[in-house]
Amino acid sequence: QVQLVEFGGGLVQAGGSLRLSCAVSGRTARNYATGWFRQAPGKEREFVAAISWSGDNTYYADSVKGRFTISRDNAKKQVYVQMKSLKPEDTAVYYCAASATVSDDGATYDYWGQGTQVTVSS
């Protein structure tokens, strides 16, 4: 079992920055890739970014490429997404998830956090 808890959501003005954290725990947490997904009201969940266990491989959705940076600190059991130049369309509930294989497909992720709200005002 892997447990994930997100932190860091909040309200920010357009153009601002925010960093989300995901605390990963559990006896089998080692070697799991971690991804960030988001879901806006009335929309389907969408992929944001993912990172391999080693941190050597990262992937981004086109909509956030160049603005968001995913990273991890395995010693602290934390995965982060630094979000810059935020736009109102980034408003969503953000979820972190764990998968045995790094992927942009949410169906491959076995464990999910409860989500944290990010609201970007215009």
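A single hydrophobic cluster is seen to contain both W36 and L18, as judged by linkage of ILVMFWY side chains at heavy-atom distances under 4.5 Å, directly or through other members. Residues Y32 and V102 do not share a hydrophobic cluster, defined by chaining ILVMFWY side chains whose heavy atoms lie under 4.5 Å apart. Hydrophobic clustering (side-chain heavy atoms under 4.5 Å, transitive across Ile, Leu, Val, Met, Phe, Trp, Tyr) groups Y111 together with V79.
Side-chain atoms of M83 and L20, non-hydrogen and from C-beta on, do get closer than 4.5 Å to each other. Counting heavy atoms from C-beta outward, R67 and D90 have side chains that approach closer than 4.5 Å. When side chains are defined from C-beta on, L86 does not count as touching K84, because their heavy atoms never get closer than 4.5 Å. A heavy-atom distance below 4.5 Å is not found between the side chains of V93 and T116.
Among residue pairs with one or both ends in residues 65-109, those qualifying as ring pair (Phe, Tyr, Trp, His ring centres under 6.0 Å) are F37-Y109; sequence neighbours excluded.
Distance check, rounded to the nearest 0.5 Å: CD of Q82 to OG of S17 gives 6.0 Å. If you take CD1 on I70 and SG on C96, they are separated by 9.5 Å, rounding to the nearest 0.5 Å.
In the displayed structure, Q114 atom CD is contacted under 6.0 Å by more than 12 heavy atoms of other residues, nucleotides or ligands.
For V118 against G9, the heavy-atom pair with the smallest separation is CG2-CA, 4.2 Å. Closest of all the heavy-atom pairs between C22 and L4 is SG-CD2, 3.6 Å.
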Contacts table for residues 42-52: side-chain donor-acceptor under 3.5 angstrom, sequence neighbours left out:
| from | atom 1 | to | atom 2 | distance (Å) |
| --- | --- | --- | --- | --- |
| E46 | OE2 | R38 | NE | 2.5 |
| E46 | OE2 | R38 | NH2 | 3.0 |
| S52 | OG | S54 | OG | 3.3 |
| S52 | OG | G55 | N | 3.3 |
| S52 | OG | D56 | N | 3.4 |
| S52 | OG | N57 | N | 3.1 |

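Salt-bridge formation is detected for the pair K65/D62: a Lys NZ or Arg NE/NH1/NH2 atom is positioned less than 4.0 Å from an Asp or Glu carboxylate oxygen.
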